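This structure is a prediction, so every number in the text was calculated from the model and none was measured. A, B, ... follow the sequence lines: proteins, then strands. Residue 1 opens every chain. Heavy-atom basis, side chains included; hydrogens, waters and symmetry copies ignored.
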Protein chains: 2
Amino acid sequence: MNVMNDSPRRKELTRQAAQLFVQAGFDRTTVRMLAQEMGIKSGSLFHHFRDKQEILTAVIEEGTQNALIIAKAALDQCDNSAEARLQAMARAHLETLLTDRNAHVVALYEWRRLDPEARDHLSHLRDAYEALWEAVIDDALAAGLIHGDRFLVARFVMGALNWTVRWYDPAGPRSPDDLAHELIAMITHRSA
Amino acid sequence: MNVMNDSPRRKELTRQAAQLFVQAGFDRTTVRMLAQEMGIKSGSLFHHFRDKQEILTAVIEEGTQNALIIAKAALDQCDNSAEARLQAMARAHLETLLTDRNAHVVALYEWRRLDPEARDHLSHLRDAYEALWEAVIDDALAAGLIHGDRFLVARFVMGALNWTVRWYDPAGPRSPDDLAHELIAMITHRSA
DNA sequence: GTCTATAGGACGATAGAC
DNA sequence: GTCTATCGTCCTATAGAC
């Protein structure tokens, strides 16, 4: 059984699973639904994953890793100013949430459905992503762009961004980039 | 069958259901768990509610109604300034989320599990609550306390507040009131 | 209003052929 | 690596006695 590999095949199956998990939630997504989406029968699914939990683990690992990579790239490419870094981080976060609309959303919204071992294994990855955020927030605080408690500011900002998943309409007039600008303008009191 | 009444008995059962829905999520809360919490057998539960869906509907109706009542009371009792109203609204919101820790949380986090008819029936109540928020945000914008798009500001603020459910520790050093102060300070740029 | 008992179905997962 | 077939379990909901 191909457990714990990361073949292109498994990656593709993971991608398809993420889509269903976002649409219906983990608990309501059956292995039969997953198999149908993948074009195989439900029994065949267990050749690729040990059990349903392992699919969730794969999706969340993929989603967090991807968010981490994209955020790092965004920070590398932008100006070194505290404001530019804040903008870049918010934009990257929203794009992984609202444009991909898949694995990163599952990582945020289905985290509680992980069993304890998987949560333990993935918490380091999640912590690394949050550390990136806190570093950017620290810079903004040091630059006097924003004020307040580092821990709370980081969580309020991430909360505002994470909640967009619930109301954002991709067919509407605003892009993820617009949202990032508006949020940063709101907390820094500069014009959008 | 006592469907659609609001006896004290049914209210109490609804309150107990809310607790389980918060702890395990709606999908993972079985009717057997609900019945046990209520001190009856699972078959007896259907004397009080037509089906499991109706329990969720009752919880979410209760949670939203309660949040609405508490928010209105908080607005009535506070100073009439835009800042005081913003504070009062945020504090009321957090207290229904973090102190009760039950029905309002279910209303926010299990909304998608409602069937279409129930969602239709409850959307007016939810809209009334959000209208309260938007009125308060409007005042703050008019007073120059904050800047930006009314729709976006309201959703960012509610998102930051709603997400607290995921990380807030009631045993920690901060009260819901502290959180409300810090958030308002962050977006108005006044000291907490 | 609560009980016992169970119907009837969906679910996750396995076995073994190909 | 995929199939068919199915096992055993758990679930929501019902029926009928008390």
**Prompt:** Between B/Ser44 and B/Ile40, is there a donor-acceptor pair closer than 3.5 Å when you use the side chain of the first and the backbone of the second?
**Reply:**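 Judged by distance alone, no pair lies under 3.5 Å.
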
**Message:** Can a donor-acceptor pair be found, under 3.5 Å and without considering hydrogens, that links the side chain of A/Glu37 to the backbone of A/Leu20?
**Reply:** no

Check the phosphate of [N] against [X], side-chain N and O only, distance under 4.0 Å to OP1 or OP2. Yes or no?
X: B/Ser44; N: C/dG1; value: no
X: B/His47; N: C/dG1; value: yes
X: A/Arg50; N: C/dT14; value: no

**Item:** Linked, directly or transitively: B/Ile70 and B/Leu108 (ILVMFWY side chains, under 4.5 Å)
**Value:**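 In one cluster with B/Ile70: B/Leu108, no.
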
**Request:** Please determine if A/Arg101 forms a cation-pi arrangement with A/Tyr168, meaning its NZ or CZ atom is less than 6.0 Å from the six-membered ring centre and no more than 45° off the ring axis.
**Result:**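 No, A/Arg101 does not sit over the ring of A/Tyr168.
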
**Message:** Check for me whether A/Arg155 meets the cation-pi criterion with B/Trp163, that is, NZ or CZ under 6.0 Å from the six-membered ring centre and within 45 degrees of the ring axis.
**Reply:**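 Not flagged: A/Arg155 not positioned over aromatic ring of B/Trp163.
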
Taking atom [atom2] of [N] as reference, at what distance in whole Å does atom [atom1] of [X] sit?
X: B/Leu34; N: D/dC11; atom1: CG; atom2: C1'; value: 13 Å
X: B/Leu45; N: C/dC3; atom1: CG; atom2: P; value: 11 Å
X: B/Met38; N: C/dC3; atom1: CE; atom2: P; value: 13 Å
X: A/Glu12; N: D/dG1; atom1: CD; atom2: P; value: 15 Å
X: B/Met33; N: D/dC11; atom1: CE; atom2: P; value: 9 Å
X: B/Asp51; N: D/dC11; atom1: CG; atom2: C1'; value: 14 Å
X: B/Leu56; N: D/dA13; atom1: CG; atom2: P; value: 12 Å
X: A/Ile40; N: C/dA13; atom1: CD1; atom2: C1'; value: 14 Å

**Asked** Any Lys/Arg nitrogen of B/Glu110 or B/Arg113 sitting under 4.0 Å from an Asp/Glu carboxylate oxygen of the other?
**Response** no

**Asked** Which nucleotide in the list C/dA13, D/dA13, C/dC3 gets nearest to the side chain of A/Ser42?
**Response** C/dA13

**Complete:** Winner on side-chain proximity to A/Phe46, out of C/dT14, D/dC11, D/dT14, is C/dT14

**Message:** Regarding A/Lys52, tell me which of base, sugar-phosphate or nothing describes its non-hydrogen contacts under 4.0 Å with the strands shown.
**Reply:** sugar-phosphate

**Message:** On DNA chain C, compare the nucleotides closest to A/Gln53 and B/Lys41; which residue's is nearer the 5' end?
**Reply:** B/Lys41

**Prompt:** Do A/Trp167 and B/Leu152 have side-chain heavy atoms sitting under 4.5 Å apart?
**Reply:** yes

**Message:** What I want to check is whether an N or O donor and acceptor connect the side chain of A/Arg32 with the base of C/dG12 at under 3.5 Å.
**Reply:** yes

**Asked** Between residues 17-28 of chain B and DNA chain D, which residues have a heavy-atom gap below 4.0 Å?
**Response**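 Within residues 17-28 of chain B, no residue comes under 4.0 Å of DNA chain D.
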
